[in-house]
Amino acid sequence: MMRQYRRTKEELDADTILFFRMGDFYEMFFEDAHRAAPILGVAITKRAGVPMCGVPYHALDSYLAKVIRAGLKAAVCEQAEDPKTAKGLVRREITRIVSPGSLTEDALLDAEASNYIAAVFSGKGAYGVAALELSTGTLAVEDAHGEASLIEALRRIAPSETLVADDQRDLLAPTLPASVSGPLTATDAWRFMADQATDTLTHQFNVHSLEGYCGQGPLPQWVRAAGALLNYVRHELRRDLTHVRTLDVRHSGDFLALDECTCRNLDLLPTPGGRPEAETLLGVLDGTRTPMGKRLLRAWIRSPLHSLPAIHARQDAVEDLQSDRRRLSDLRAILAETRDLERVMTRLSGGSGNARDLRALADSLAQIPKLRERLAGSKAERLTHLAAELRDLPDLTAELARALVDDPPLTIREGGIIREGYNADLDAYREAAQNGHAWIARYQAEQQEATGIRTLRVRHNNVFGFYIEVSKSQLALVPPTYERRQTIVNAERYVTPELKEYESRIYGAQDKGNALEYELFQALRAKAVAELAPIQATAAAVAELDILQGFADRALALAYRRPIVDDSLDLIIREGRHPIVELQPGAERFVPNDAHLNGTTRQFILITGPNMAGKSTYIRQVAILAVMAHIGCPVPAEEMKIGLVDRVFTRVGAGDDLARGRSTFMVEMQETANILNNATPRSLIVLDEIGRGTSTFDGISIAWAVVEYLHNTPQRKARTLFATHYHELTDLAAALPGVKNYTVQVREQGDSIVFLRRIVPGAADKSYGIHVARLAGLPAPVVDRANVILSGLEGQKAPTPELPKRRRTPTPTDDDLQLSLF
Ligand code: ADP
């Protein structure tokens, strides 16, 4: 057996722990035992000098989860034949390899988040990217042009693991930090070869050529990534891929680009160690009732649209759903009864599903006609389209409902799955097993009658099975058909042919019944899997419908309105609110604010005001509303109009990146450089306090130059909101026509100030820093002393007037700006 173990172990990567099935346990040996025991929290023992540790088979999933969390992979090796019938050593086979990106076990997965394994191929002129969600069978691909869009694509996907060719590992590793791609797994380069990859894909999708996906002309690079990925998952991880049926080809221009830092700054999605879900946009917008909807909603928020028709289609659908509250609440109730069809089908098609999965499928499919009925007559085209995608498969549903008990067990070989009346043979077995007692009682009475032996008894023991016992005094009456088996002190024991026959029927009935149930279950599973494609399409439609109804529901509850999204460069908001801040329990009443930007006269909004006035909240609010409009959902504003945005940039707060060893100021400047190098006139930029991490004069100078650059460079002329407490910068509005000054209103009340939270045109004239210091509880003598020092400094005159004078007539060439900046 140790030889068998070693051979199996040799097939695996060094970072894979082998779980070797032995009876009721999975055992690990040698090095694996030493590595795994502390991770699994089990003890090491030694047998014949071999270190080993083990876990019980029924708890396997939770131990696999521990291995994955520790950054390792796990291979599960099962007994491939029944030990009772095997000759010699039981044959064993690796049945699956579990790695972070290839989890499908419910116990190991977050039901609400997707889990991707990605592959990246660096080809001529582009990176090919493919991402597979094994638990739902989604395969998305795209070509990324340039390193920045590769990183952007991977951030959007957030894979748990990324596959690369072993000869590209050194090339790609520096570009793909684990924070973007998860751990890198290198595999044989041949998997990525064009012919090999094309072959894999045409087979998978059962097509002659890939032209239907990528047109004529040169092969896109994603083909090589996707082909390698599927090949690897099938052959290396030994996963079934039957459920991977559609190829979703994306183009980076289809989406509004959000870098990870913007996602975090705007609190769009919960992050590990970051804000809890309730304090993110996901938490606010989530009105979904199914796990499929919830997963898709994350993707929608992570990748808002950059296409007017697609945005309008979602908006029309939400509006239509909002218009009829009765129907909306019906839809919500029906969706709540719909299970996770995507993952159920993955388990069933992968062969690991049980009868509960079939039951969940039946119950969910039973909801489909009701959904379709509610969608009938919708005015929105998207809803009609979704209704057409919903397939209820009445034959399958009816059969499953007829076959399965209401609450089937987790096991599939121990019976209890199939309903009475579904299969006559099964009913007979059950009848035999259950009615054995009655038959025996009847038989005993018959025999007493026939022989006249009043004390005759039918009994049972483990050695003889059923037998007839007659006491010694009555032996004369025993008929010759009785076959004697045993003599005891004062009785004899006999069997009869009828008794033996019945016995074998009772004994066999249970086993045979269970075996038959398993067969019936497999047949049902096969019937369900045969409908994989329509069920997957239905699941996708349910997920989308679920999000849209959730938007409608949230919009009604929170008084959101539909924004106008067009191809202008406007960004106009009336009475907008911050969707997350306005809902924070215990917060002050939220004060709505307007915004007005465009590509020309109001390109750049500069907001000054004291700390704590509400500047950051305001600029983030504008950015979040812009993102929401591109997601296609209603927004917390009375009115909003926005011209399509290609990318949202943010640079807010002091980047807490000290852990990565970069100073706050350095991070700030790197983020600013990224914006200045990549913004376009369609972008939206939100800047908070640039230059705060350095001395005042440096800070003001850099901030000043940044504003000039964004204002004067045509290809970087993005709509921008800039919050600062350097009120010196307000002089910029006089020099640059596209810059407008705004401030947050503050009322002085004697010695203290009241924040009114209203954004109004104009410039802040004071910084009120000392007022805030008092609010924060600095001791009175310190505050008083600071006031004295301040008036002394103000007497000496500030440095600002120098700056605009020297750069009175800006010459907007790049060279000139670069020189004066540094
Ligand atoms: P600043 O960036 O000017 O220092 P913040 O934006 O951090 O100020 O806001 C300070 C506080 O004011 C926050 O606690 C925030 O919740 C609250 N706040 C900001 N804007 C509003 C508003 N419009 N209505 C109500 N409270 C607000």
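If you read the sequence from its start, that first residue is 1, and numbering goes on from there. This is a predicted model, so every value here is computed, not measured. Just so you know, ligand 1 is whichever comes first in the structure, and atom 1 is the first atom listed for that ligand.
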* Asked: Tell me, which protein residue and heavy-atom name are nearest atom 23 (N) of ligand 1, and how many Å apart are they?
  -> Val591 O, 2.8 Å

* Asked: Would the number of heavy atoms belonging to other residues, nucleotides or ligands and lying under 6.0 Å from CZ of Arg275 be above 12?
  -> no

* **Residue pair Leu736 / Gln603, side-chain heavy-atom distance below 4.5 Å** => no

* Residue pair Asp698 / Ser701, side-chain donor-acceptor N/O under 3.5 Å -> no

* Proximal atoms of ligand 1 relative to Glu588 (non-hydrogen, under 4.0 Å) -> 17 (C), 25 (C), 26 (N)

* Asked: What residue and heavy atom of the protein are closest to atom 2 (O) of ligand 1, and at what distance?
  -> Ser616 OG, 2.3 Å

* Asked: Taking N or O atoms only and a 3.5 Å limit, does Thr617 qualify as a polar contact for ligand 1?
  -> yes

* To do: State the atoms of ligand 1, each with its element, that fall below the 4.0 Å cut-off from a heavy-atom position in Pro610.
  => 3 (O)

* To do: I would like to know whether Asp688 and Lys615 meet salt bridge (charged side-chain N to carboxylate O under 4.0 Å, His left out); could you show each step before the answer?
  => CA-CA 8 Å; Asp688 197 357; Lys615 300 184 299 297; over 6 Å; no

* Regarding Asp267 and Thr280, is there a side-chain donor-to-acceptor distance under 3.5 Å anywhere? -> no

* Assess Arg589 for proximity to ligand 1: is some non-hydrogen atom of it under 4.0 Å away? => yes

* Is there a heavy atom of Ala613 sitting under 4.0 angstrom from any atom of ligand 1? -> yes

* Is ligand 1 less than 4.0 angstrom away from at least one heavy atom of Pro592? -> no

* **For Gly614, atoms of ligand 1 separated by under 4.0 Å from a heavy atom** => 1 (P), 3 (O), 5 (P), 6 (O), 8 (O), 9 (O), 19 (C), 20 (N)

* Structure fact -> heavy-atom search around atom 4 (O) of ligand 1 in the protein gives Met612 N, 2.6 Å

* To do: Identify, by atom number and element, the atoms of ligand 1 in contact range of Phe590, meaning under 4.0 Å from any of its heavy atoms.
  => 21 (C), 22 (C), 23 (N), 24 (N), 25 (C)

* Asked: Are any non-hydrogen side-chain atoms of Thr680 and Arg647 less than 4.5 angstrom apart?
  -> no

* To do: Would you indicate whether the side-chain heavy atoms of Asn593 and Tyr742 approach each other to under 4.5 Å?
  => no

* Any non-hydrogen protein atom less than 4.0 Å away from atom 20 (N) of ligand 1 -> yes

* Asked: Is there a side-chain contact between Val648 and His630, using heavy atoms and a 4.5 Å cut-off?
  -> no

* Asked: Is Glu544 close to Arg382 at the side-chain level, that is, under 4.5 Å between some pair of heavy atoms?
  -> yes

* **Min N/O separation Val581 to ligand 1 under 3.5 Å** => no

